[in-house]
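Letters A, B, ... are given to chains in the order of the sequence lines, protein chains preceding strands, and every chain is numbered from 1.
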2 protein chains.
Amino acid sequence: MDEKDVTILSAVARLGTGSAEKLSEETDIPTSTVHYRLEKLRERGVVTNDLLDVDLEAVGLNITVITEVTAEYSEQYHDDVGEALADVEGVNQVYFTMGDTDFVVIAHLSSRGMVERLIEDYESVDGVEQTSSKFVIKTIKDEPRPLNDFDPETLAALLQPDATE
Amino acid sequence: MDEKDVTILSAVARLGTGSAEKLSEETDIPTSTVHYRLEKLRERGVVTNDLLDVDLEAVGLNITVITEVTAEYSEQYHDDVGEALADVEGVNQVYFTMGDTDFVVIAHLSSRGMVERLIEDYESVDGVEQTSSKFVIKTIKDEPRPLNDFDPETLAALLQPDATE
DNA sequence: AATGAAATCGACCAGCA
DNA sequence: TGCTGGTCGATTTCATT
């Protein structure tokens, strides 16, 4: 797992494709090498399926932080603050919620140092009033393909318009 | 977007592959039809890239609920409760956290009725003491490929062992 | 729009540097 | 380990229903 592997995986994420040819163009790494590397990554379990889902532990992103953020009230602020939070490095999900806290933010990181920077980044966003973070001790479930959260039968019913209420 | 589409997308999620042949075997839908359908789904924006990421809105999963769950204290309980929460239909992520609340659970649903059932399901899990849910008004970011949350340069540094502290 | 068969393209494996 | 060329197999298209 060296820099070349990361370059490839990063390109996979960016381009949203697993095509060796396209990845080769993007990374300037020869087509067959891309193949070879992806194969190895599969063997090592870093990449878990044909759709190139990446094992977070395997790439060192083994710290997950869930943060609740409250912001000054203003419609414009909320949009801006949300975007700013989403832009913080390592942030994976940002939800604007109803209730006492305004945003829920989930981030994946690889070191304690990065966590500190993360919190600092949150608090330096203009309009942010308060943040409250929880560390994740154990990720029990994190399903990249939400359709897997349902029985096939339930899914079938999902899109019948009459299931909407 | 009929039942056949859902059958295919469900098989994609389950098998973790986009291979028309494998999907055909699984679903008993002819190979070329699988192709044809996936192509249409791409055109309509339901499927967003080669890696077959699915647009949640497009499949009708436009409600997101974030729930904090507290459970009776006991090591065994925590494992069991976590698993039970993960098994609830629609649940996408389950985190065991340190702090005042024990679990944070995120679910994607398609109707108010399903939300009510979700909460009931949570509260009927043995060992669960309290639940507190937030509705998501707007999903500002939800990145299926966490490597995209980082600059390529940062990523390169990620796996240098000396970046661990 | 769905299917089966035929054509095309890209993946994969040998061997070589 | 990284690269090149050839084979094979899968994908995609086309004509038909």
For this session: Could you state the atom-to-atom distance from NZ of Lys4(B) to C1' of dA1(C) in whole Å?
Result: 9 Å

Exercise. With a non-hydrogen cut-off below 4.0 angstrom, is Ser32(A) in contact with a base, only sugar-phosphate, or nothing?
Worked result: base

Exercise. When the distance from NZ of Lys22(B) to C1' of dA11(C) is rounded to whole Å, what number comes out?
Worked result: 13 Å

For this session: Could you check how far CG of Asp5(B) sits from C1' of dA1(C), rounded to whole Å?
Result: 12 Å

Exercise. Salt bridge or not for Arg112(B) and Glu116(B), using N-O below 4.0 Å?
Worked result: yes

For this session: From the options dT1(D), dC3(D), dA2(C), select the nucleotide whose nearest atom is closest to the side chain of Tyr36(A).
Result: dT1(D)

Exercise. Atom CG of Leu41(B) to atom C1' of dA1(C): distance rounded to whole Å?
Worked result: 14 Å

Problem set entry | Side chain of Arg37(B) (C-beta onward), nearest among dT11(D), dA2(C), dT1(D) | dA2(C)

Exercise. Choosing from dT11(D), dG10(C), dC13(C), which nucleotide comes nearest the side chain of Glu39(A)?
Worked result: dC13(C)

Problem set entry | Sugar-phosphate only, base, or nothing, as touched by Thr31(A) at under 4.0 Å among non-hydrogen atoms | nothing

Seminar exercise, completed: Winner on side-chain proximity to Thr33(A), out of dC3(D), dT11(D), dT3(C), is dC3(D)

For this session: Using whole Å, report how far CD of Glu3(A) lies from C1' of dT1(D).
Result: 17 Å

Exercise. Side chains of Tyr122(B) and Val88(B): does their closest heavy-atom pair fall under 4.5 Å?
Worked result: yes

Problem set entry | d(CD1, Ile29(B); P, dT3(C)) in whole Å | 8 Å

Problem set entry | Listed nucleotide nearest any side-chain atom of Glu21(B), set dA11(C), dA10(D), dA2(C) | dA10(D)

Exercise. If you measure from the Lys or Arg side-chain nitrogens to the Asp or Glu carboxylate oxygens, is any gap between Arg145(B) and Asp53(B) under 4.0 Å?
Worked result: yes

For this session: Indicate whether OP1 or OP2 belonging to dT12(D) is found under 4.0 Å from a side-chain N or O atom of His35(B).
Result: yes

Problem set entry | Atom-to-atom span, CD1 of Ile8(B) to P of dT11(D) - whole angstrom | 14 Å

For this session: Check the distance between dG2(D)'s C1' and Lys40(A)'s NZ and give it to me in whole angstrom.
Result: 13 Å

Exercise. Side chains of Leu41(B) and Leu38(B): closer than 4.5 Å at any heavy-atom pair?
Worked result: yes

For this session: Provide the closest heavy-atom pair for Ala71(B) versus Asp102(B) in the form atom of the first, atom of the second, distance.
Result: N-OD2, 2.8 Å

For this session: Report the nucleotide, chosen from dC3(D), dT1(D), dT11(D), that has the shortest atom-to-atom distance to any side-chain atom of Pro30(A).
Result: dC3(D)

